[in-house]
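In what follows, a structure is listed as structure tokens, so that the remarks can point back to it.
FYI, side chains are in, hydrogens and waters are out, and symmetry mates aren't considered; it's all heavy atoms of this structure.
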Amino acid sequence: MKKILILLLVVTAYSCKTAQSTTAKDNSDPSKYVKAISEKDLKKMLYTIASDEMEGRETGSKGQKKAGLYMIEQYKKSGISFPKGASDFYQPVPAAFMNAKRNQNLPDSENIWAYIEGTEKPNEVLVISAHYDHVGIKNGEVYNGADDDGSGTVALIEMAKAFAKAKKQGHGPKRSILFLHVTGEEHGLHGSRYYSENPLFPIANTIADINIDMIGRRDVEHSNTNNYVYVIGADRLSSDLHNAVVAQNEKYIKMDLDFKFNDPKDPNHFYERSDHYNFAKHGIPAVFFFNGVHEDYHGKGDEPQKIEYDALTKRTKLAFVVAWDLANRENRPVVDKK
């Protein structure tokens with residue numbers, strides 16, 4: 001009788017421990033980790049990424065490479081490594097590839113990638129992308145590209161830090177996440193095109209792309225508020241992706257989602273003009289977060305002191321909660337449109 005009682009106690013204790021373990025891995029609520037996204041840290045990183053020291057981050061330039069080293073340093077500080085299957089943080093993008101269609105005498109460059117492996121479905125990969133190049137130096141003046149796309153660059157790093165914190169505390173994403181900083185966007189989306197044609201992880205295993213390109217300012221259409229973001233492309237291939245963006249925003253962020261530029265007839269064709277497009281054309285659901293064009297777009301006035309850091313932080317948090325949902329939901333977004 002005593003042996004049976006002891007056995008029952010052991011089984012009960014094990015069951016309780018298992019239940020606690022299961023509860024600890026419940027990733028239904030990102031609230032704790034979205035708070036880890038820091039306006040102070042975003043600002044500090046952006047003042048470095050968009051400093052004169054980086055010489056405008058022209059594709060393949062010394063300044064761009066210096067910015068890349070700084071980005072990698074931030075990942076290493078947070079204990080975030082390069083992807084499985086890669087030998088370092090770089091995916092080389094050859095000059096021959098970038099100059100093949102329209103020769104602009106671009107030198108060799110590189111995409112930069114970081115990675116958090118999924119806990120339950122590691123072979124399924126969510127890509128979060130932003131380009132880290134800009135237009136360099138013109139007539140002796142540095143074009144720092146704080147919004148375009150320093151804002152997206154630092155957003156990726158800060159999101160990765162939040163996911164790394166969650167994983168350290170037992171709430172790692174169920175799917176793997178690839179943080180992909182692409183080169184050559186300003187010259188024709190070259191870095192994302194190179195990755196999509198030479199993926200580290202099979203395209204078939206890539207569940208979606210969240211692309212962030214200019215999220216630190218406001219445009220003239222929203223002169224009275226920065227509590228908005230343009231959402232482009234989410235519903236082009238997947239109702240699931242669109243619904244995820246809307247639902248996560250309503251539940252956690254409550255920002256005005258502007259779908260004006262999502263219209264296929266929009267003359268600006270922003271859907272085809274940033275890096276998500278190179279995933280979408282391969283059938284990967286993709287969403288593009290964007291603040292619209294402002295007076296300093298591709299101008300020398302795109303400086304870090306003009307960034308609205310409250311807006312940058314809120315938009316980064318929106319991308320984070322959408323990424324959290326996609327990485328942790330039971331099923332990947334269904335492609336139900338063509």
Side-chain angles (χ1 to χ4, degrees), residues 22 25-31 33-34 80 83-86 113-130 155-156 159-160 162-164 166-167 170-180 182 192-193 195-212 231-253 257 259 262 271 274-289 316-338:
T22 301
K25 294 180 181 178
D26 177 10
N27 287 357
S28 59
D29 186 355
S31 299
Y33 300 106
V34 76
I80 301 167
K84 289 180 67 175
W113 47 28
Y115 178 74
I116 294 178
E117 186 171 27
T119 58
E120 295 182 18
K121 301 181 179 182
N123 292 331
E124 293 188 9
V125 181
L126 169 66
V127 175
I128 309 177
S129 60
L156 259 63
M159 290 167 66
F163 274 111
K167 186 165 186 177
H171 292 274
K174 295 178 181 179
R175 293 177 175 85
S176 298
I177 304 176
L178 179 68
F179 300 90
L180 183 64
V182 292
S192 57
R193 182 166 57 89
Y195 179 85
S196 71
E197 294 177 12
N198 302 273
L200 182 62
F201 303 103
I203 286 292
N205 293 359
T206 303
I207 68 159
D209 172 51
I210 298 173
N211 186 51
I212 306 173
V231 179
I232 303 172
D235 66 349
R236 296 290 184 100
L237 294 174
S238 174
S239 300
D240 281 349
L241 179 55
H242 171 82
N243 292 339
V245 172
V246 172
Q248 296 306 302
N249 176 65
E250 180 60 30
K251 191 170 184 179
Y252 298 108
I253 310 299
L257 303 182
F259 296 96
N262 192 48
Y271 179 67
S274 193
D275 294 295
H276 60 282
Y277 184 65
N278 281 318
F279 290 90
K281 72 183 186 182
H282 287 281
I284 304 303
V287 59
F288 171 25
F289 292 123
T316 302
K317 288 181 175 182
L318 173 61
F320 177 82
V321 295
V322 173
W324 184 279
D325 176 72
L326 297 176
N328 288 298
R329 60 171 46 204
E330 183 176 353
N331 298 311
R332 61 188 287 174
V334 174
V335 177
D336 55 3
K337 297 184 178 182
K338 293 182 179 181

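- The 12-atom threshold is not exceeded at NZ of Lys251, counting heavy atoms of other residues, nucleotides or ligands nearer than 6.0 Å.
- Between Ile212 and Met159, some side-chain heavy-atom pair lies under the 4.5 Å cut-off.
- The side-chain heavy atoms of Arg175 and Arg329, taken from C-beta on, include a pair separated by under 4.5 Å.
- Side chains of His171 and Asn27: a donor on one and an acceptor on the other come within 3.5 Å.
- Checking Val125, Ile177, Ile116, Leu178 one by one against Pro83, the side chain to side chain contact (heavy atoms under 4.5 Å, CB included) holds for a single residue, Leu178.
- With no hydrogens or angles considered, no side-chain donor-acceptor pair links Ser31 and Tyr252 at under 3.5 Å.
- In plain terms, the two heavy atoms of Pro333 and Leu241 that are nearest each other are CB-N, 4.4 Å.
- The shortest side-chain heavy-atom distance between Ile210 and Leu326 falls under the 4.5 Å cut-off.
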For Arg332 and Glu124, what are the C-alpha separation, side-chain angles and deciding distance, and is it a salt bridge (Lys or Arg N to Asp or Glu O under 4.0 Å)?
CA-CA 8 Å; Arg332 61 188 287 174; Glu124 293 188 9; 5.0 Å; no

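- Ser176 contributes a side-chain N or O that, together with a main-chain N or O of Gly118, makes up a donor-acceptor pair within less than 3.5 Å.
- Side-chain atoms of Asn328 never come within 3.5 Å of backbone atoms of Pro173 as a donor-acceptor pair (strictly under, hydrogens ignored).
- You'll find the side chain of Val231 stays beyond 4.5 Å of the side chain of Asn262, heavy atoms only.
- In terms of heavy-atom proximity, Ala323 sits nearest to Leu126 at O-CD2, 3.7 Å.
- In this structure, Lys121 contributes its side chain and Glu330 its backbone to a donor-acceptor pair below 3.5 Å.
- The shortest non-hydrogen separation linking Phe179 to Phe163 is CZ-CD1, 4.0 Å.
- Taking the six-membered ring where the residue is Trp, His276 and Phe288 present parallel rings, their angle staying beneath 30° rather than reaching 60°.
- Panel note: side chain Lys337, backbone Asp235; a donor-acceptor pair is recorded below 3.5 Å.
- Between the side chains of Asn278 and Ser196, no donor N or O sits under 3.5 Å from an acceptor N or O.
- The closest side-chain heavy-atom distance from Val334 to Ser239 is not below 4.5 Å.
- Shortest non-hydrogen contact noted between Asp275 and Ser192 is OD1-OG, 2.6 Å.
- A donor-acceptor contact closer than 3.5 angstrom links the side chains of Ser28 and Asp26.
- Ring geometry for Trp324 against Tyr33 counts as parallel: the plane angle stays under 30°, on a 0 to 90° scale with 60° as the upper cut.
- Under the 3.5 Å distance criterion, the side-chain polar atoms of Thr206 are matched with a main-chain donor or acceptor of Pro202.
- Lys84 NZ: 12 or fewer foreign heavy atoms inside a 6.0 Å radius.
- Contact annotation: the side chain of Val245 approaches that of Phe289 to within less than 4.5 Å [non-hydrogen atoms, C-beta and beyond].
- Between the side chains of Asn211 and Ser274, at least one donor-acceptor pair of N or O atoms lies under 3.5 Å.
- Closest heavy-atom contact between Thr119 and Lys167: CG2-CE, 4.5 Å.
- Between Val246 and Phe259, some side-chain heavy-atom pair lies under the 4.5 Å cut-off.
- The two residues Val321 and Pro30 come nearest to each other via the heavy atoms CG1-CG, 4.0 Å.
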